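One structure coming up, written as structure tokens, with questions to follow.
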Amino acid sequence: MTVQELPGAAAYRPTPPPAWKPITDPAPLLPDPEPYRVLGTDAVADADPELLLRLHAELVRGRRYNAQATALTKQGRLAVYPSSTGQEACEIAAALVLEERDWLFPSYRDTLAAVARGLDPVEALTLLRGDRHTGYDPREHRIAPLCTPLATQLPHAVGLAHAARLKGDDVVALAMVGDGGTSEGDFHEALNFAAVWKAPVVFFVQNNGFAISVPLAKQTAAPSLAHKAVGYGMPGRLVDGNDAAAVHQVLSEAVARARRGEGPTLVEAVTYRMEAHTNADDATRYRVDSEVEAWKAHDPVRLLERELTERGLLDDAGIEQAKEAAERMAAALRERMNADPELTPMDLFTRVYAEQTSQLREQAAALRAELDAEQDHDEYGPEAGR
């Protein structure tokens with residue numbers, strides 16, 4: 001005999017209220033079967049020419065920034081650099097769609113997005129140089145620390161966005177993550193909390209094909225990463241990640257939707273990492289040159305440049321002007337990065353807690369004693385202090 005067959009069981013069977021009922025129509029949440037595009041389509045006629053020109057200038061600057069940072073790594077000025085060459089359209093669009101009051105939550109590859117949002121190019125590289133953690137004040141720039149652990153920034157973005165909504169602040173959080181990060185538990189937890197709370201957050205997945213050497217097909221069997229959105233009750237959008245105009249439009253719509261109080265959106269941008277995962281990676285071990293060459297034909301800088309020149313919005317002089325501006329930025333970055341920073345060991349303890357714990361005070365005192373003893377040794381010789 002089952003519980004339902006017991007006498008009087010029906011009287012104790014509760015009727016779920018409407019709030020218990022999940023969304024049964026997934027159609028409005030499903031992404032289009034193909035990535036959305038603007039460049040080379042009829043939709044480009046509605047694009048703002050000034051926005052397209054700004055996107056182009058930032059893309060050229062971003063490409064040069066990636067090249068210069070990679071060179072600094074080879075020269076020993078950076079410990080590591082995860083280049084976003086080939087993904088500049090995603091990086092720039094993510095920075096430009098946000099208002100000053102909004103927050104950007106980047107991953108370790110998103111230094112370019114942080115710089116495009118206004119962060120000092122040198123401060124964006126401080127963590128990768130090994131000088132100190134973060135290298136900038138997150139509150140000043142509304143940019144969370146560049147996140148090295150995979151996907152841990154996503155729950156943080158949800159928490160900030162939810163708190164802002166509870167306080168009545170008109171703030172949206174945009175959280176960036178790679179396709180590899182979608183295999184982490186933090187990704188799923190963040191999406192679930194965000195959807196349940198209708199938090200004003202946008203999840204932006206840059207699907208560049210590989211999680212270091214692991215191709216996407218070995219991470220998921222889903223039709224797309226954007227399809228994962230329906231499982232959490234939020235819309236998923238699929239966009240051509242090398243089409244700067246399309247990425248900007250889709251992200252702008254998602255940010256506006258979040259700001260209206262309609263909840264989160266998962267945006268997947270299909271793009272490609274042209275260079276190795278980092279300078280410590282040998283990409284030739286898991287992909288062939290012909291694949292890289294094929295994606296070069298879909299280069300985000302070339303795509304936008306071609307559109308602008310065909311429409312008469314950009315000429316050779318304009319292209320050269322953008323390159324010269326980017327070169328000036330690279331020269332300034334190179335000069336400043338070639339100067340050795342002045343580091344103070346005691347800074348290790350200044351940005352850990354708002355109020356130092358007893359353990360930190362003890363450790364700081366021990367380090368101070370060691371530094372003082374070393375200074376005495378240097379000034380007075382080995383007999384000092386005896």
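Predicted, not measured: the structure shown is a model, and the values here were computed from it.
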What donor-acceptor contacts under 3.5 angstrom involve side-chain atoms of residues 159-173, with partners at least two apart or in another chain?
{"unit_1": "Arg165", "atom_1": "NH1", "unit_2": "Trp197", "atom_2": "O", "d": "3.0"}
{"unit_1": "Asp170", "atom_1": "OD2", "unit_2": "Arg101", "atom_2": "NE", "d": "3.4"}
{"unit_1": "Asp170", "atom_1": "OD2", "unit_2": "Arg101", "atom_2": "NH2", "d": "2.9"}

query = Can we say Arg117 and Asp102 salt-bridge, meaning some charged N sits less than 4.0 Å from an Asp/Glu carboxylate O?
reply =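 Between Asp102 and Arg117 there is no salt bridge, as every charged N stays at least 4.0 Å from the carboxylate O atoms.
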Check: residues 229-244 side-chain donor-acceptor pairs under 3.5 Å, at least two apart:
{"unit_1": "Tyr232", "atom_1": "OH", "unit_2": "His188", "atom_2": "ND1", "d": "2.5"}
{"unit_1": "Arg237", "atom_1": "NH1", "unit_2": "Glu253", "atom_2": "OE1", "d": "3.0"}
{"unit_1": "Asp240", "atom_1": "OD1", "unit_2": "Asn242", "atom_2": "N", "d": "2.9"}
{"unit_1": "Asp240", "atom_1": "OD1", "unit_2": "His298", "atom_2": "NE2", "d": "3.2"}
{"unit_1": "Asp240", "atom_1": "OD2", "unit_2": "Arg37", "atom_2": "NE", "d": "3.1"}
{"unit_1": "Asp240", "atom_1": "OD2", "unit_2": "His298", "atom_2": "NE2", "d": "2.8"}
{"unit_1": "Asn242", "atom_1": "OD1", "unit_2": "Thr271", "atom_2": "OG1", "d": "2.7"}
{"unit_1": "Asn242", "atom_1": "ND2", "unit_2": "His298", "atom_2": "O", "d": "2.7"}
{"unit_1": "Asp243", "atom_1": "OD1", "unit_2": "Ala245", "atom_2": "N", "d": "3.3"}
{"unit_1": "Asp243", "atom_1": "OD1", "unit_2": "Ala246", "atom_2": "N", "d": "3.0"}
{"unit_1": "Asp243", "atom_1": "OD2", "unit_2": "Val38", "atom_2": "N", "d": "2.7"}
{"unit_1": "Asp243", "atom_1": "OD2", "unit_2": "Leu39", "atom_2": "N", "d": "2.8"}

inquiry  = Once side chain to side chain donor-acceptor pair (under 3.5 Å) is applied, do any residues pair with Thr152, and if so which ones, sequence neighbours excluded?
reply    = none
query = Hey, what else clusters with Leu371 if you join Ile, Leu, Val, Met, Phe, Trp, Tyr whenever side-chain heavy atoms sit under 4.5 Å?
reply =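 Same cluster as Leu371: Met346, Leu348, Phe349, Val352, Tyr353, Leu360, Leu367.
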note = Going by chain and number, the hydrophobic cluster around Tyr108 (ILVMFWY, side chain to side chain under 4.5 Å) further includes Leu150
ask   = Are Leu154 and Leu225 linked, directly or through other ILVMFWY residues, by side chains that come within less than 4.5 angstrom of each other?
value = yes
query = Which pairs with one or both residues in residues 30-80 pass ring pair (Phe, Tyr, Trp, His ring centres under 6.0 Å), sequence neighbours excluded?
reply =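 Not a single pair qualifies under ring pair (Phe, Tyr, Trp, His ring centres under 6.0 Å).
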request  = Keeping the roles fixed (side chain from Asp179, backbone from Val205), state whether a donor-acceptor pair exists under 3.5 Å.
outcome  =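 Absent.
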ask   = Are side-chain heavy atoms of Arg63 and Asp299 found at a separation under 4.5 Å?
value = yes
message = Taking Lys323 first and then Glu320, would you say they form a salt bridge - that is, a charged N and a carboxylate O separated by under 4.0 Å?
response = no
inquiry  = Any carboxylate oxygen within less than 4.0 angstrom of a Lys/Arg side-chain nitrogen, looking at Arg64 and Glu327?
reply    = yes
Common cluster, Met329/Leu53, ILVMFWY with side-chain heavy-atom separation under 4.5 Å = yes
inquiry  = With no hydrogens and no angle check, just 3.5 Å: does a side-chain donor-acceptor pair link Glu91 and Gln206?
reply    =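 Yes, Gln206 and Glu91 have a side-chain donor paired with an acceptor closer than 3.5 Å.
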